[in-house]
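First the proteins, then the strands, lettered A, B, ... as listed; each starts at 1.
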Protein chains: 2
Amino acid sequence: MVPKIQPVERCDCEVIHEDTVKRVQEKMPLEENLYDLAELFKVFGDTTRIKILWALDEAEMCVCDIAVLLKMTQSAISHQLRLLKQADLVKSRREGKIVYYSLEDEHVRQIFDQGLIHISEEKE
Amino acid sequence: MVPKIQPVERCDCEVIHEDTVKRVQEKMPLEENLYDLAELFKVFGDTTRIKILWALDEAEMCVCDIAVLLKMTQSAISHQLRLLKQADLVKSRREGKIVYYSLEDEHVRQIFDQGLIHISEEKE
DNA sequence: TAAACATATGAATAATTGTTCATATGTTCA
DNA sequence: TGAACATATGAACAATTATTCATATGTTTA
């Protein structure tokens with residue numbers, strides 16, 4: 001197999017649109033920021049985590065409550081809560097044996113709500 | 001191995017929090033809606049697609065322009081554009097050989113912006 | 001201190017998914 | 001019509017990831 005020198009495929013229309021491409025290229029945010037943004041949405045992009053976030057928006061809850069609510073194992077919930085916490089979407093406080101989780105802040109709800117709006121309009 | 005009868009682990013604290021759990025359970029949205037919401041965010045949860053969305057927010061662009069801009073193959077971009085279109089996040093119009101893509105509506109930008117706000121506050 | 005409870009976590013597995021490669025479809029123009 | 005261009009797509013592969021299982025950590029209480 002012939003090794004590929006140029007991973008970027010040029011095309012005629014890129015010449016036509018040279019100005020646009022160049023302009024957009026210059027405004028391009030740092031790779032890192034776009035990466036972080038994708039990572040954030042990735043956390044929302046799982047049914048289990050969405051359910052957890054929804055539940056925590058209704059009430060502060062402990063791990064086993066969530067497990068019962070979602071009919072899933074304590075372990076699965078705990079793993080997901082860890083991801084949610086790492087993404088700063090939820091916080092926790094310990095009260096004896098029990099660890100209570102709740103939403104970190106208003107953003108979570110706002111991102112959530114925007115998503116719901118899109119979903120509902122999509123179905124029209 | 002003993003077969004598992006009860007996938008749901010009960011616990012003492014669930015008894016303590018019975019009211020809360022019951023109340024939240026009753027307000028629980030349809031499984032389908034939460035699933036759709038997760039699917040929506042999943043689309044945002046990939047660096048390539050985030051970059052595409054960002055680019056299309058700057059300007060309407062054709063497939064090969066995006067490929068050049070992101071230094072990726074035309075095929076990879078085309079596959080991702082299909083997903084974005086299926087999720088109603090982008091739309092396309094053909095002009096001869098060239099297919100131009102653009103953002104579907106304002107929601108996309110709003111969801112995007114909410115995410116950026118969260119990211120930026122996270123770093124403080 | 002031992003037992004019971006609540007939670008956390010490492011390893012393994014199964015499922016999902018992004019990219020590549022090859023190729024098909026659709027369009028223009030000579 | 002045929003060649004070149006722009007895009008779309010199926011199949012395969014590699015990488016990621018959600019859940020399970022087993023077990024560890026941390027807390028209370030008898």
request  = Please work out if A:Y101 contacts a base, only the sugar-phosphate, or nothing of the nucleic acid, heavy-atom cut-off 4.0 Å.
outcome  = sugar-phosphate

inquiry  = Angle between ring planes, A:F41 versus B:F41, binned at 30° and 60°: parallel, tilted or perpendicular?
reply    = parallel

Whole angstrom value for the distance that separates P of D:dT9 from CD1 of B:I77 = 15 Å

ask   = Whole-Å distance between D:dG10 C1' and B:R82 CZ?
value = 9 Å

ask   = Roughly, in whole Å, what's the span from CG in A:L84 to P in C:dT9?
value = 14 Å

ask   = Where each residue is assigned the nucleotide of DNA chain D containing its nearest heavy atom, which of B:I98 and A:K97 is assigned the position nearer the 5′ end?
value = B:I98

query = How close or far is atom P of D:dT9 from atom CG of B:L81, stated in whole angstroms?
reply = 11 Å

Are any protein N/O atoms closer than 3.5 Å to N/O atoms in nucleotides 17-19 of chain C? If there are, list each pair with its distance.
unit_1, atom_1, unit_2, atom_2, d
C:dG18, OP1, B:R49, NH1, 3.2
C:dG18, OP1, B:R49, NH2, 2.9
C:dG18, OP2, B:R49, NH1, 3.4
C:dT19, OP1, B:T48, OG1, 2.6
C:dT19, OP2, B:Q80, NE2, 2.7

request  = Would you confirm whether A:R49, through its side chain, and A:K42, through its main-chain N or O, come within 3.5 Å as a donor-acceptor pair?
outcome  = yes

task = Check the distance between C:dG26's C1' and B:R93's CZ and give it to me in whole angstrom.
result = 17 Å

query = In Å and rounded to the nearest 0.5 Å, what is the CD to OG distance from A:E60 to A:S92?
reply = 10.0 Å

message = So A:L40 and A:L89, do their side chains get closer than 4.5 Å, heavy atoms only?
response = yes

message = For D:dA8, does the base pair up with any side-chain atom of B:Q74 as donor and acceptor (N or O, under 3.5 Å, distance only)?
response = yes

query = Is there a donor on the side chain of B:S75 or the base of D:dT9 sitting less than 3.5 Å from an acceptor on the other?
reply = yes

query = B:Y100: what forms a ring-ring contact (aromatic ring centres under 6.0 Å, His included) with it, not counting sequence neighbours?
reply = A:H17

ask   = Donor-acceptor pair, A:S120 side chain versus A:L116 backbone, under 3.5 Å?
value = yes

query = Can you check whether B:R94 has a side-chain N or O nearer than 4.0 Å to OP1 or OP2 of D:dT7?
reply = no

